[in-house]
Amino acid sequence: MTMKNSIAVCVGFLAIVGAFPATAADAVEEQLVYETREAIPEAYRWNLDDIFPSTDAWSTAAEALGGSIEALKAFKGTLGQSAEILADALDLSFTISRDASDLFVYAAQWQTTDTRDADANQYQSRGRALMARIGQASSFIAPEVAQIPADQLADFMTSPRLNTYAHVIDNMTRLKAHTRSTEVEEVLAGSALLRGAPVQIYQGMVSADIQWPEIDGEDGEKSKVIPALFYSFMGNQDRRIRKDAAMALFGTYNQFGHALAGTYSASVNKDIWLARTRGYDSTLDMALTQTNVPRSVVDTLVGAVHDNVDAIHDYVALRKKVLELDDFHIYDLYVGMVPAAEKKYTFVEGWGLATRFWKETMGEEYAAVAQRALDDRWIDVYPNTGKQGGAYSWGSYNSHPYLFLNWGGTLEDVFTLVHEMGHSIHTALANENNPFHDADYSLFVAEVASVASEGLFFNWLLDQTQDPTERLALLNLRMNNITGTFLRQIFFHEFEAAAHRAAEAGEPLTKGALDTIWGDLWLEYYGKEATLDDVYRSGWARIPHFYRTFYVWVYATSFAAGEAISERFRSGDEGAVEDYLATLKLGGSVYPMEALARAGVDMNDPKVISTVMDTYREILAEMEKLLAQ
């Protein structure tokens with residue numbers, strides 16, 4: 001799942017090769033926001049019928065799952081008796097989870113496209129309750145496996161039926177020290193609905209309840225500043241529009257800041273309760289241990305930024321100079337520095353551009369999956385009133401991944417398409433090459449395919465021109481890409497880590513406390529050339545990823561790994577494509593560091609991370625050189 005930042009730096013020199021069905025292209029003139037779902041042509045709405053043809057079918061499947069859940073409970077207390085019993089229990093447990101994911105994904109996908117829909121919210125609640133029930137019913141498995149003596153478990157693993165679960169069982173035994181008794185695990189599993197309440201409340205407020213303000217847009221027409229279109233506003237060359245949009249959005253977050261601080265505080269304290277119950281030193285320690293990634297990787301990330309914070313300050317100063325600004329604000333961070341190179345892209349044009357890239361760079365196997373995503377309506381393209389903001393890729397094992405977009409018509413939206421398609425193809429290849437229990441990959445590698453795709457897409461565009469203006473526009477875009485996907489995610493991580501440390505120390509996470517952490521970090525990152533608007537101190541409230549505990553830092557590690565993979569492509573390494581696709585096909589069958597090693601990336605090597613900041617400085621130097629011309 002991905003929430004992307006964007007800017008409106010677009011280049012008009014690239015030829016567009018259409019790759020869209022004629023019926024879809026002819027069906028609609030580009031419209032960027034729709035009032036209702038029904039107003040969006042069918043070709044631009046994803047097809048959830050691939051999961052269930054109707055809500056009646058959904059209900060029938062949910063009812064049938066009840067019998068399987070009761071059958072699973074009968075295995076409680078028996079897993080240590082034989083390899084066959086353990087295999088039977090795992091078979092049933094993963095079958096239940098696989099089928100339940102259809103129910104949950106269908107309901108959640110429906111709800112995200114219109115958060116105001118009462119029926120969609122009802123089915124999502126039913127889906128959440130079902131997942132909590134399954135979690136509670138299966139909670140005995142990990143503690144019972146952990147209690148099997150090592151020599152007995154080794155004997156069990158000689159069974160061909162259990163061998164398919166080798167990685168699953170290894171992970172259970174690896175986390176043995178943090179696995180609690182059967183009774184405690186059942187209580188923890190039973191708390192799932194309570195633990196999910198903070199993000200549910202947050203999403204309900206932001207996507208459905210809050211009435212987002214309007215500003216005077218271009219040509220004097222009113223434009224509603226919804227979160228999904230914020231960066232489209234930030235790319236506008238009219239600074240008055242950018243400022244009004246920023247003040248409208250962050251002013252609204254600031255207005256509801258006390259309530260949103262309450263939801264986030266509840267989420268953080270949920271994390272602390274879980275970490276302490278499981279015997280971890282901290283919430284960050286819990287996240288890293290469960291992912292099986294050493295702490296040194298995160299420390300290297302933070303250190304790399306702080307060692308190069310002067311380069312970030314230099315970039316802000318450069319933007320301020322080029323844009324001819326007396327003062328620099330948040331709404332000046334993303335606008336294009338080369339207005340002459342900007343253009344808008346329809347989705348048809350954007351798809352054509354992406355298709356050329358996939359075929360020429362990633363190969364026919366990759367491009368074929370992308371084309372299937374388009375033909376079979378995996379993609380939900382346009383914003384509509386009530387639709388959740390951002391972009392992500394998600395689906396169920398029995399169906400396929402779906403792509404959730406909020407198309408805004410900029411080149412960055414094309415980058416977002418490329419990014420999310422990276423996720424979808426990763427998932428599709430992982431599902432096709434692994435059984436369900438080994439298909440789902442770690443968060444640590446979740447962003448690698450998407451970020452590598454973006455990096456390769458940038459270089460593919462850059463290779464097509466030597467014109468100084470065109471290159472400057474692309475370099476500007478790349479700097480914002482590094483800022484958004486690497487630097488800003490480490491900024492987010494530092495905020496999240498500071499909030500968790502404060503709460504672990506017993507300090508209350510009030511709006512004022514969170515505003516202070518956010519504002520101070522922003523000034524540290526962007527330097528004395530930047531001006532911090534009071535309402536932007538509540539910028540933390542805009543980031544839904546904070547409700548996925550310590551998720552944001554994986555964007556930065558993935559960016560670094562993706563850059564290393566991209567370098568293999570750029571160097572002409574004949575094995576790069578094969579190794580890359582092989583890594584995607586591994587899914588979750590190996591630990592994440594091992595998966596990246598298959599692609600030729602050693603995340604224990606600090607140079608993998610520090611090279612990103614070297615690239616940042618190189619691009620900054622080339623931009624300054626081009627501007628001097």
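- The closest side-chain heavy-atom distance from I96 to S138 is not below 4.5 Å.
- Remark: L514 CG to K511 NZ distance equals 9.5 Å, nearest 0.5 Å.
- Note: F559 and F486 have tilted aromatic rings, judged against thresholds of 30 and 60 degrees for the angle between ring planes.
- Checking W540 against D515 by side-chain atom types alone, a donor-acceptor pair falls below 3.5 Å.
- Atom CZ of F495 sits about 8.5 Å away from atom CG of L521, to the nearest 0.5 Å.
- Here the shortest heavy-atom pairing between D117 and A120 reads OD1-N, 3.0 Å.
- In plain terms, the two heavy atoms of S558 and V451 that are nearest each other are O-CG1, 3.8 Å.
- When side chains are defined from C-beta on, V298 does not count as touching V293, because their heavy atoms never get closer than 4.5 Å.
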Applying side-chain contact (heavy atoms from CB on, under 4.5 Å) to Q290 and Y280, what does each step give before you reach the verdict? CA-CA 10 Å; Q290 291 178 349; Y280 290 100; 3.7 Å; yes
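- Applying the side chain to side chain donor-acceptor pair (under 3.5 Å) rule to Y580 yields no partners; only residues at least two apart in sequence or on another chain are considered.
- By the 6.0 Å and 45° rule, R126 stacks over the aromatic ring of Y123.
- Between the side chains of S399 and S396, a donor-acceptor pair is found at a separation under 3.5 Å.
- Judged by distance alone, with hydrogens and angles left aside, the side-chain atoms of N406 form a donor-acceptor pair with the main-chain N or O of G390 at under 3.5 Å.
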Take K76 and E186 through the test side-chain contact (heavy atoms from CB on, under 4.5 Å) and record every step on the way to the result. CA-CA 11 Å; K76 187 175 181 179; E186 186 173 0; 3.4 Å; yes
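- Take T252 and apply the side chain to side chain donor-acceptor pair (under 3.5 Å) test, not counting sequence neighbours, and it matches no residue.
- Rounding to the nearest 0.5 Å gives a distance of 11.0 Å between CG of L301 and NE2 of H306.
- Side-chain atoms of E447 and Y551 include a donor-acceptor pair closer than 3.5 Å.
- For F492, the ring pair (Phe, Tyr, Trp, His ring centres under 6.0 Å) criterion is met by W518, F546, not counting sequence neighbours.
- The shortest side-chain heavy-atom distance between D520 and E524 does not fall under the 4.5 Å cut-off.
- Side-chain N or O atoms of R180 include one that pairs as donor or acceptor with a backbone N or O of R278 at under 3.5 Å.
- By the 4.5 Å heavy-atom criterion applied to side chains, L584 and T427 are not counted as neighbours.
- A distance-only check finds no donor-acceptor pair linking the side chain of T164 to the backbone of P160 [under 3.5 Å].
- When all heavy atoms of A556 and I490 are compared, the pair lying nearest together is CB-CG1, 3.6 Å.
- Among all heavy-atom pairs drawn from D102 and N398, the shortest one is OD2-ND2, 2.8 Å.
- From Q489, atom CD reaches atom CZ of F491 across 10.5 Å, with rounding to the nearest 0.5 Å.
- In this structure, V297 and T557 approach most closely via the heavy-atom pair CG1-CG2, 3.6 Å.
- Evaluation of the side chain to side chain donor-acceptor pair (under 3.5 Å) rule for R161 yields E84, D88, D91 as partners, not counting sequence neighbours.
- At least one donor-acceptor pair under 3.5 Å links the side chain of T158 to the backbone N or O of D155.
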For a side-chain contact (heavy atoms from CB on, under 4.5 Å) check, start with the C-alpha distance between K387 and T112, then their side-chain angles and the critical distance, and finish with the verdict. CA-CA 6 Å; K387 185 177 178 179; T112 57; over 6 Å; no
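- Under the side chain to side chain donor-acceptor pair (under 3.5 Å) criterion, D307 pairs with no residue, sequence neighbours left out.
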Tell me which donor-acceptor pairs under 3.5 Å the side chains of residues 593-604 have, and how far apart each pair is, sequence neighbours excluded?
| residue | atom | partner | partner atom | Å |
| --- | --- | --- | --- | --- |
| R598 | NH1 | D579 | OD1 | 2.9 |
| D602 | OD1 | N604 | N | 3.0 |

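- Atom CG of residue D440 and atom OG of residue S589 lie 11.5 Å apart, to the nearest 0.5 angstrom.
- Donor-acceptor pairing under 3.5 Å is lacking for the side chains of S442 and T291.
- Here the two rings, on Y591 and H167, have centers that are under 6.0 Å apart.
- The residues D285 and R295 are annotated as not salt-bridged, no charged nitrogen and carboxylate oxygen being separated by less than 4.0 angstrom.
- E144 and G77 make their closest contact through OE2-N, 2.5 Å (heavy atoms, listed as atom of the first residue, atom of the second, distance).
- Applying the ring pair (Phe, Tyr, Trp, His ring centres under 6.0 Å) test to W273 and every residue at least two apart in sequence or in another chain returns nothing.
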With side-chain contact (heavy atoms from CB on, under 4.5 Å) as the criterion, how do E185 and F140 come out once you've worked through the C-alpha distance, each side chain's angles and the decisive distance to 0.1 Å? CA-CA 7 Å; E185 288 292 340; F140 69 90; over 6 Å; no
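- A salt bridge does not link K607 with D605: none of the charged nitrogens is closer than 4.0 Å to a carboxylate oxygen.
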Which pairs of donor and acceptor atoms, one on a side chain in residues 257-268, lie under 3.5 Å apart (sequence neighbours left out)?
| residue | atom | partner | partner atom | Å |
| --- | --- | --- | --- | --- |
| T263 | OG1 | L260 | O | 2.8 |
| T263 | OG1 | Y547 | OH | 2.6 |
| S265 | OG | N269 | ND2 | 3.3 |

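- Of the possible donor and acceptor atoms, none in the side chain of S139 sits under 3.5 Å from a partner among the backbone N and O of A189.
- With sequence neighbours excluded, the residues that form a ring pair (Phe, Tyr, Trp, His ring centres under 6.0 Å) with Y402 are W46, H400.
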If you look only at distance, which donor and acceptor atoms sit under 3.5 Å apart when one is on a side chain in residues 497-509 and the other is two or more places apart or in another chain?
| residue | atom | partner | partner atom | Å |
| --- | --- | --- | --- | --- |
| H500 | ND1 | E496 | O | 2.8 |
| H500 | NE2 | D271 | OD2 | 2.8 |
| E504 | OE2 | T283 | N | 3.0 |
| E504 | OE2 | T283 | OG1 | 3.0 |

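- Put simply, the side chain of Y525 reaches to within 4.5 Å of the side chain of E494, judged on heavy atoms.
- Taking the centre of each ring, W212 and Y253 come in below the 6.0 Å mark.
- For the atom pair NE2 of H426 and CG of L581, the computed distance is 10.5 Å after rounding to the nearest 0.5 Å.
- The main-chain N or O of I85 is found under 3.5 Å from a side-chain atom of S82 such that the two form a donor-acceptor pair.
- In this structure, the side chain of Q388 does not engage the main chain of T113 through any donor-acceptor pair within 3.5 Å.
- Partners of F94 according to the ring pair (Phe, Tyr, Trp, His ring centres under 6.0 Å) rule, which considers only residues two or more places apart in sequence or in another chain, are Y165, H437.
- Using a 3.5 Å distance cut-off with no hydrogens or angles, the side chains of Y392 and H423 do not pair a donor with an acceptor.
- Although no hydrogens or angles enter the test, the distance criterion places a donor-acceptor pair under 3.5 Å between the side chain of Q109 and the main chain of W394.
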Below 3.5 Å, can you tabulate the donor-acceptor pairs from side chains in residues 56-65 to any protein atom, sequence neighbours excluded?
| residue | atom | partner | partner atom | Å |
| --- | --- | --- | --- | --- |
| W58 | NE1 | L103 | O | 2.9 |
| S59 | OG | T55 | O | 3.2 |
| T60 | OG1 | D56 | O | 2.9 |

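- Listed for the N254 side chain is no donor-acceptor partner under 3.5 Å among the backbone atoms of F250.
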